[in-house]
Amino acid sequence: MDSNCFIRPAIEADTEAFFDICLRTANGGHDASALYSDPHLPGYIWSVPYLKFAREFAFVLVQGDRPVGYVVGVPDTSEFDKELEANWWPLVRRQTAGLTPTCARDADVIERIQNPRSGTVWLQDHYPAHLHINILPGLQAGGWGRRMISTELEALRNQGVAAVHLGVDPNNARARGFYRHLGFSEFERDGAVAYAMRIDKGSGQ
């Protein structure tokens, strides 16, 4: 484990780092820079809105003075989605207006911005919270992922959250093994892969 790394609460000044880390891990944990014509596109969906609207559950992994990873979460996925529909997506739609898809994954993200959707609605009744974690390649196997997940789960647990879920790229074999190792249960439905866990104090997790 790199002794130059540490975890701290996220701050507004981390916004560009959130965009960058998301882009550089959006291809199954690897760099997706060549897949998007606008480097902000993946971060609009999977990282920055959490920094803006759920910052008390956003944490950054720092190496030296450089953010190299983040973990984010929300205690209530349904309420978070309503918050974004009112206060995030209208802004992002204005910022991406007129963007013509020219790279492999542009169209998918633009469609998601216009019509936000969750691939894990079927889990939310029993696992209402969710989280995302991304660490730059090269640091993903250093033990920090486990520590960041533990930090996030503790923050959610302290908010009274009983259960949490997350989605995973079906092709990301390393991530799938990681979550199974941490004790998450695996679910598959309609081609989507997700992991979920009870985290209330009586669950043993």
- Task: Go through E188 and R176 one step at a time and tell me if the salt bridge (charged side-chain N to carboxylate O under 4.0 Å, His left out) criterion holds.
- Result: CA-CA 12 Å; E188 292 194 43; R176 296 179 71 166; 3.2 Å; yes

Shared hydrophobic cluster for [X] and [Y] (ILVMFWY, side-chain gaps under 4.5 Å):
X	Y	answer
L91	W46	yes
V72	F6	yes
V62	I11	no

Can you find a pair of side-chain heavy atoms, one from [X] and one from [Y], that are under 4.5 Å apart?
X	Y	answer
V60	V68	no
H165	T77	yes
W89	Q114	no
D38	Q95	no
D81	P116	no
I135	L61	yes

Treating [X] as the side-chain partner and [Y] as the backbone partner, does any N or O pair qualify as donor plus acceptor under 3.5 Å?
X	Y	result
S47	F18	yes
D190	A192	no
D106	C103	yes
R105	A26	yes
D20	E16	no
N27	A32	no
R55	L51	yes
R24	H30	no

- Task: Would you name the heavy atoms of I113 and R93 that are closest together and state the gap between them?
- Result: O-NE, 3.0 Å

- For I110 and P101 the tightest heavy-atom approach is CD1-CG, 3.9 Å

What's the spacing between [X] [atom1] and [Y] [atom2] if we round to 0.5 Å?
X	Y	atom1	atom2	value
L23	L35	CG	CG	8.5 Å
K52	L84	NZ	CG	12.5 Å
I199	I149	CD1	CD1	10.5 Å
E152	I133	CD	CD1	9.0 Å

- Residues sharing W122's hydrophobic cluster, by side-chain heavy-atom contacts under 4.5 Å among ILVMFWY, directly or via others? L123, Y127, F187

- List the steps, then state whether side-chain hydrogen bond (donor to acceptor under 3.5 Å, both in side chains) holds for S78 with D76. CA-CA 6 Å; S78 177; D76 188 320; 4.7 Å; no

- Message: Going by ring-ring contact (aromatic ring centres under 6.0 Å, His included), F19 matches just one of Y36, Y44, Y70. Which one?
- Response: Y44

- Assess the pair Y195 and F184: is the distance between their ring centroids shorter than 6.0 Å? no

- Task: Determine, using ring centers only, whether H132 and Y50 are less than 6.0 Å apart.
- Result: yes

- Message: Pair L41, T96 - check side-chain contact (heavy atoms from CB on, under 4.5 Å), show working.
- Response: CA-CA 9 Å; L41 283 177; T96 57; 4.2 Å; yes

- Item | R117/E111 salt bridge by N-O under 4.0 Å criterion | yes

- Item | Side-chain ion pair, K82 and E85, N-O less than 4.0 Å | no

- Decide yes or no on side-chain contact (heavy atoms from CB on, under 4.5 Å) for V161 and L153, but give the supporting numbers first. CA-CA 9 Å; V161 171; L153 295 183; over 6 Å; no

- Query: With no hydrogens and no angle check, do the side chains of H181 and R146 hold a donor and an acceptor under 3.5 Å apart?
  - Reply: yes

